[in-house]
Amino acid sequence: MGDDRRGVRAGDADREGTVRQLQRGLAEGRLDVTEFDERVRAAYAARTLGELADLIADLPPDRW
């Protein structure tokens with residue numbers, strides 16, 4: 001994500017997309033349940049696209 005978009009306010013669809021990616025990370029064994037729970041809570045509390053991007057930065061990008 002470009003630095004110019006990091007400060008853009010996140011919407012519900014952005015949060016839901018991040019949670020879907022976190023769910024895939026959990027299903028693939030990349031996240032344990034505790035870390036998944038922490039990141040999901042942070043996703044729903046996120047105010048900007050940059051905050052959401054940080055939550056999934058260490059996961060592979062979407063495949064679809």
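Count residues from 1 along the sequence. Just so you know, these numbers come straight off a predicted model, no measurement behind them.
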K.L.:
So with a 6.0 Å cut-off around CG of D12, is the heavy-atom count from everything else above 12?
P.N.:
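Not more than 12 within 6.0 Å, no.
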K.L.:
Looking at every non-hydrogen atom in both residues, tell me the closest pair between P60 and Q21 and how far apart they are.
P.N.:
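Closest approach of P60 to Q21: O-NE2, 2.9 Å.
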K.L.:
With sequence neighbours left out, write down each residue that passes side-chain contact (heavy atoms from CB on, under 4.5 Å) with E16, or none if nothing qualifies.
P.N.:
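If we apply the side-chain contact (heavy atoms from CB on, under 4.5 Å) test to E16, skipping adjacent residues, the hits are R20, Y44.
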K.L.:
Partners of D32 by side-chain contact (heavy atoms from CB on, under 4.5 Å), sequence neighbours excluded?
P.N.:
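T34, E35.
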K.L.:
Let me check something: do L49 and V19 share a hydrophobic cluster, defined by ILVMFWY side-chain heavy atoms less than 4.5 Å apart, either directly or through other members?
P.N.:
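Per the 4.5 Å side-chain linkage, L49 and V19 are not co-clustered.
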K.L.:
If every non-hydrogen atom of R47 is compared with every non-hydrogen atom of R15, which pair is closest and at what distance?
P.N.:
CA-NH2, 4.5 Å
K.L.:
Please answer whether the main-chain N or O of G50 pairs with a side-chain N or O of R6 as donor and acceptor at a distance below 3.5 Å.
P.N.:
yes
K.L.:
Do F36 and I56 sit in the same hydrophobic cluster, where Ile, Leu, Val, Met, Phe, Trp and Tyr count as joined when their side-chain heavy atoms come under 4.5 Å apart?
P.N.:
yes
K.L.:
To the nearest 0.5 Å, what is the distance between CZ on R9 and OG1 on T48?
P.N.:
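Going from the CZ atom of R9 to the OG1 atom of T48 covers 8.5 Å.
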K.L.:
To the nearest 0.5 Å, what is the distance between OG1 on T18 and CG on L55?
P.N.:
7.0 Å
K.L.:
Rounded to the nearest 0.5 Å, what separates atom CD in E28 from atom CG in L26?
P.N.:
10.0 Å
K.L.:
If every non-hydrogen atom of A10 is compared with every non-hydrogen atom of A46, which pair is closest and at what distance?
P.N.:
CB-O, 4.5 Å
K.L.:
Keeping the roles fixed (side chain from E38, backbone from V33), state whether a donor-acceptor pair exists under 3.5 Å.
P.N.:
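Absent.
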K.L.:
Minimum heavy-atom separation for D4 and V8, please, with both atom names.
P.N.:
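Closest pair (atom of D4, atom of V8, distance): O-CG2, 4.2 Å.
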K.L.:
As an exercise, state the distance from CZ of R24 to CG of L31, rounded to the nearest 0.5 Å.
P.N.:
11.5 Å
K.L.:
If the threshold is 4.0 Å, N to carboxylate O, is there a salt bridge linking D54 and R39?
P.N.:
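R39 and D54: not salt-bridged.
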